[in-house]
Novice: 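Have a look at this one before I ask anything.
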Amino acid sequence: MLSPIYYQANEQVTLWVNKVGPYNNPQETYNYYSLPFCRKTENGIHKWGGLGEVLGGNELIDSQIDIKFLSTSVICHLELDEAKVKHFKDAIENSYWFELFMGMYHIYLYILLRKKYQRKKIDSLDCRRSAVCYI
């Protein structure tokens, strides 16, 4: 059983990114950064589990995003060029999900297209409001 983790206001919280893949085929997984998400550095700290985690496609990487407990701020702004838009469009069409870990929380999120952008140019990524990242 996991012990609860308690944070103080403005204490640093580590966000671990793991993998992405199509919802309809959970065995088909890719490194989180195979999609052009915000990335602080190319040399993320990896946290490897046992053989089971490795065979399951798990590759925990410290996102190195500055997240403070009970603090609200923009943690990432991503400008999308044509190639990045294509990556996200493919992920949307294939119902991609992605997996994160924060503290003792295991988080699954989905990449969806907002209805108001379905006929507009896609140029940004918004993960602020819910358990879904919108393009």
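Here the structure is a predicted model, which means the values were calculated and not measured.
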Novice: Applying salt bridge (Lys or Arg N to Asp or Glu O under 4.0 Å), which residue pairs with at least one partner in residues 64-75 are found, sequence neighbours left out?
Specialist: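 Qualifying pairs: D66-K68.
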
Novice: With sequence neighbours excluded, tell me which residues meet side-chain hydrogen bond (donor to acceptor under 3.5 Å, both in side chains) with K84.
Specialist: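 In terms of side-chain hydrogen bond (donor to acceptor under 3.5 Å, both in side chains), with neighbours along the sequence ignored, K84 is linked to no residue.
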
Novice: Which residues pass the side-chain hydrogen bond (donor to acceptor under 3.5 Å, both in side chains) test with N31, sequence neighbours left out?
Specialist: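 For N31 the side-chain hydrogen bond (donor to acceptor under 3.5 Å, both in side chains) partners, ignoring immediate neighbours, are E59.
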
Novice: For residues 22-29, please give each side-chain donor-acceptor pair under 3.5 Å, one per line with the distance, not counting sequence neighbours.
Specialist:
from : atom 1 : to  : atom 2 : distance (Å)
N25  : OD1    : Q27 : N      : 3.4
N25  : ND2    : E28 : OE1    : 3.4
E28  : OE2    : Y30 : OH     : 2.5

Novice: Once side-chain hydrogen bond (donor to acceptor under 3.5 Å, both in side chains) is applied, do any residues pair with H87, and if so which ones, sequence neighbours excluded?
Specialist: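 If we apply the side-chain hydrogen bond (donor to acceptor under 3.5 Å, both in side chains) test to H87, skipping adjacent residues, there are no hits.
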
Novice: Centroid separation under 6.0 Å, is that true for the rings of F37 and F88?
Specialist: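 Ring centres of F37 and F88 closer than 6.0 Å.
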
Novice: Rounded to the nearest 0.5 Å, how far apart are CD of Q64 and OG1 of T14?
Specialist: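 Here the interatomic distance stands at 9.5 Å.
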
Novice: Measure across V20 and S34 and return the closest heavy-atom pair with its distance rounded to 0.1 Å.
Specialist: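 That would be CG2-OG, 3.6 Å.
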
Novice: Is L70 linked to Y6 within one hydrophobic cluster, defined over Ile, Leu, Val, Met, Phe, Trp and Tyr using a side-chain heavy-atom separation of less than 4.5 Å?
Specialist: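 No, L70 does not connect to Y6 through the hydrophobic network.
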
Novice: Each residue besides F101 in its hydrophobic cluster should be listed here, by chain and number; the cluster joins Ile, Leu, Val, Met, Phe, Trp and Tyr at side-chain heavy-atom distances under 4.5 Å.
Specialist: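 W16, L60, which link up through side-chain heavy atoms under 4.5 Å apart, make up the rest of the cluster.
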
Novice: Does some side-chain heavy atom of Y96 sit less than 4.5 Å from a side-chain heavy atom of L35?
Specialist: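 The answer is yes, as the side chains (C-beta and beyond) meet within the 4.5 Å cut-off.
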
Novice: With the side chain counted from C-beta on, respond yes when K19 and Y32 share a heavy-atom pair under 4.5 Å apart, and no when they do not.
Specialist: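 No; the side chains remain at least 4.5 Å from each other.
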
Novice: Once side chain to side chain contact (heavy atoms under 4.5 Å, CB included) is applied, do any residues pair with I107, and if so which ones, sequence neighbours excluded?
Specialist: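 Expected list: L100, M102, Y105, L109.
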
Novice: Check for me, please, whether V17 and I65 land in the same ILVMFWY cluster - side-chain distances under 4.5 Å, paths through other members count.
Specialist: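 Yes; I65 is reachable from V17 via cluster members.
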
Novice: Please name all residues satisfying salt bridge (Lys or Arg N to Asp or Glu O under 4.0 Å) with K86, sequence neighbours left out, ordered by chain then number.
Specialist: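 Counting only residues at least two positions away or on another chain, K86 forms a salt bridge (Lys or Arg N to Asp or Glu O under 4.0 Å) with D90.
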
Novice: Can you name the residues that form a ring pair (Phe, Tyr, Trp, His ring centres under 6.0 Å) with F69, not counting sequence neighbours?
Specialist: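 Ring pair (Phe, Tyr, Trp, His ring centres under 6.0 Å) check on F69 returns Y7.
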
Novice: Does atom CD of E82 have more than 12 heavy-atom neighbours, drawn from other residues, nucleotides or ligands, at distances under 6.0 Å?
Specialist: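 12 or below, so no.
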
